[in-house]
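Please read the structure below before turning to the comments.
These values consider heavy atoms only, across backbone and side chains, with no hydrogens, waters or symmetry-generated copies. In each ligand, atom 1 is the first atom listed, and ligand 1 is the first ligand listed. Note that the structure is a prediction, hence the values are computed from the model and not measured.
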Amino acid sequence: MGKAKITAIGCYTPPRVLTNDDLAKMVDTNDKWIVERTGIKERHIADADVATSDLAVEAAKAALLMRGIPASDVDAIIVCTVTPDMMFPATACLVQHRIGAVGAWGFDLIAACSGFVYGLTTAAHLVAGNTHKKVLVIGADTMSRIINYKDRGTCILFGDGAGAFLVEQCDDDENGFIDFLNEIDGSGGEFLKMPAGGSRMPASLETVQQEMHYVHQDGGQVFKFAVRKMHEICSTILDRNGYTADDIKLLIPHQANRRIIWATAEKLGIPLDRVVINIDKYGNTTAATIPLATRDAVESGRLKKGDLVLYAAVGAGFTVGANLWRWSF
Ligand code: COA
């Protein structure tokens, strides 16, 4: 088996910002409640004519620019998203065409907030199997398209954004991909979903009138599951690789709620100065939170070559995922 490493990151968030005060004009909420209960201060929202592939293309281009290679060098594109431009063709196809990745195949990966961790796991294996040299993993979501801005339980949480990692073969034994721990618990499917628009409940006048094309969530159930599972997968993946929380340079968790992140860090015994939290600026961008948080950590000098980094996420499904990497640049 070969080894995989991350060689470049690119991110994109649409320029328009929706603050807590803006939301307080739309639903019965306020800045104090949102900050205390979630940690979110603002989120970015795409303009009406911007779709997920547009965000993904910007992120992909930025990653390729950072690496200094043409798109034609990419072997595969994995777009992790729950808000594709349309059901088909896959957003990966739209991105492949737009960036000119003429040698790439690819697909969309639906795992909600765990999407990027699943995408990274998949890319690492494509590369480690020596069948692919360069795989682009993109987490991109335009959550504002499936959010009911009359539902204060969900509209405060989500934002739009995209991030891409380039995963490549690694001849350096020291750094790169170490391990993954991904799980599904489908018994939690009811607690977070968009009910209509698929083959179970195709779009109709009724599904629109009954607001079935929006995110429906039982926030309490999701919260409890996330707190339990984030800790469980992090401690298991550390344990089985002979590491303790002290060995981790940075925990980069999915950004769903600051209280979930705080609880995870506390249970693991990782001080907050070794946890990346940027939910205040972006909210929950679903598949994009992990690359956005990584980009912020790299840019602020918190993540350097050789650092042990732990990724962890829980999302609709329920999906659960953790990855351990030793940072490569
Ligand atoms: N503004 C003001 N008050 C609000 C509110 C808002 N936006 N949303 C809910 N409330 C109210 C509730 O109506 C309730 O009032 P009541 O006590 O009079 O009934 C009170 O605040 C507490 O509601 P509750 O739902 O218990 O709040 P919470 O602390 O659990 O926070 C979430 C709600 C949604 C923020 C929280 O459950 C959560 O983050 N869950 C996880 C969601 C998630 O991560 N989803 C994505 C998964 S990847």
Side-chain angles (χ1 to χ4, degrees), residues 18-43 80-83 109-119 139-144 146-161 182-195 214-234 252-265 277-280 282-293 311-322:
L18 183 70
T19 65
N20 291 347
D21 288 338
D22 295 332
L23 282 166
K25 293 177 196 139
M26 298 154 70
V27 289
D28 180 15
T29 191
N30 58 75
D31 177 61
K32 184 168 178 289
W33 192 95
I34 300 172
V35 172
E36 274 176 17
R37 306 309 293 163
T38 72
I40 301 166
K41 294 192 174 113
E42 57 188 37
R43 63 291 288 140
C80 315
T81 187
V82 290
T83 50
L109 192 163
I110 305 177
C113 297
S114 309
F116 198 80
V117 174
Y118 283 18
D141 272 300
T142 316
M143 295 305 290
S144 60
I146 58 167
I147 291 298
N148 181 355
Y149 285 94
K150 287 182 283 178
D151 173 11
R152 68 177 180 172
T154 51
C155 73
I156 58 158
L157 295 173
F158 294 95
D160 301 336
N182 297 344
E183 296 176 358
I184 282 178
D185 179 353
S187 69
E190 282 302 304
F191 300 129
L192 184 50
K193 63 180 178 184
M194 187 177 84
Y214 292 132
V215 171
H216 287 235
Q217 167 175 270
D218 181 333
Q221 291 287 346
V222 177
F223 191 94
K224 271 188 283 182
F225 183 83
V227 168
R228 178 165 64 80
K229 269 295 170 182
M230 290 282 278
H231 167 248
E232 190 184 303
I233 51 167
C234 288
I252 306 189
H254 168 57
Q255 313 280 311
N257 184 315
R258 188 174 58 184
R259 289 184 295 136
I260 296 174
I261 301 174
W262 281 348
T264 305
I277 303 180
N278 67 355
I279 194 170
D280 52 322
Y282 302 112
N284 181 352
T285 53
T286 303
T289 64
I290 282 185
L292 284 169
Y311 288 116
V314 166
F318 290 126
T319 53
V320 180

[X] vs [Y] side-chain heavy atoms within contact, under 4.5 Å:
{"X": "Ile34", "Y": "Ile40", "value": "yes"}
{"X": "Met143", "Y": "Val215", "value": "yes"}
{"X": "Glu42", "Y": "Asp280", "value": "no"}
{"X": "Phe116", "Y": "Leu109", "value": "no"}
{"X": "Tyr149", "Y": "Leu18", "value": "yes"}

Atom indices of ligand 1 within 4.0 angstrom of [X] heavy atoms, with elements:
{"X": "Asn257", "answer": "35 (C), 38 (C), 39 (O)"}
{"X": "Ala256", "answer": "44 (O)"}
{"X": "Gly219", "answer": "37 (O), 40 (N), 41 (C)"}
{"X": "Thr38", "answer": "35 (C)"}
{"X": "His254", "answer": "48 (S)"}
{"X": "Arg37", "answer": "29 (O)"}
{"X": "Asn284", "answer": "46 (C), 48 (S)"}
{"X": "Cys113", "answer": "48 (S)"}

What protein heavy atom lies closest to [atom]? Include the residue and the distance to one decimal.
{"atom": "atom 1 (N) of ligand 1", "value": "Thr29 OG1, 2.6 Å"}
{"atom": "atom 30 (O) of ligand 1", "value": "Arg259 NH2, 4.2 Å"}
{"atom": "atom 42 (C) of ligand 1", "value": "Gln217 OE1, 3.4 Å"}
{"atom": "atom 34 (C) of ligand 1", "value": "Gly153 O, 3.7 Å"}

Proximity flag Ala226 to ligand 1, non-hydrogen atoms under 4.0 Å: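 In this structure, Ala226 fails to qualify as a contact of ligand 1 - no heavy atom is under 4.0 Å.
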Test item, Val314 contacting ligand 1 (heavy atom, 4.0 angstrom): yes
Any N or O of Arg152 closer than 3.5 Å to N or O of ligand 1: yes
Gln221 atom CD: more than 12 heavy-atom contacts under 6.0 Å: yes
Crowding at CD1, Ile110 (>12 non-hydrogen neighbours, <6.0 Å): no
Does the protein come close to [atom] - that is, does one of its heavy atoms sit below 4.0 Å from that atom?
{"atom": "atom 17 (O) of ligand 1", "result": "no"}
{"atom": "atom 25 (O) of ligand 1", "result": "no"}
{"atom": "atom 45 (N) of ligand 1", "result": "yes"}
{"atom": "atom 40 (N) of ligand 1", "result": "yes"}
{"atom": "atom 12 (C) of ligand 1", "result": "yes"}

Gap separating the CG atom of Leu292 from the OG1 atom of Thr285, nearest 0.5 angstrom: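 Those atoms lie 5.0 Å apart.
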Approximate separation, where rounding is to 0.5 Å, of Met194 CE and Thr83 OG1: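 With rounding to 0.5 Å, CE (Met194) is 9.0 Å from OG1 (Thr83).
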Any side-chain donor near an acceptor of the partner, Ser187 and Asp185, under 3.5 Å: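 Yes, a side-chain donor-acceptor pair sits under 3.5 Å.
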Under 3.5 Å side-chain donor-acceptor pair for Ser144 and Asp160: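 A pair is found: one side chain offers a donor N or O, the other an acceptor, under 3.5 Å apart.
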Nearest heavy atoms of Thr289 and Gln255, plus distance in Å: OG1-N, 3.4 Å
Verdict with supporting geometry, Trp33 and Ile156, side-chain contact (heavy atoms from CB on, under 4.5 Å): CA-CA 10 Å; Trp33 192 95; Ile156 58 158; 3.6 Å; yes
From the candidates Phe225, Phe223, Trp33, the one that places a heavy atom nearest atom 27 (O) of ligand 1: Trp33
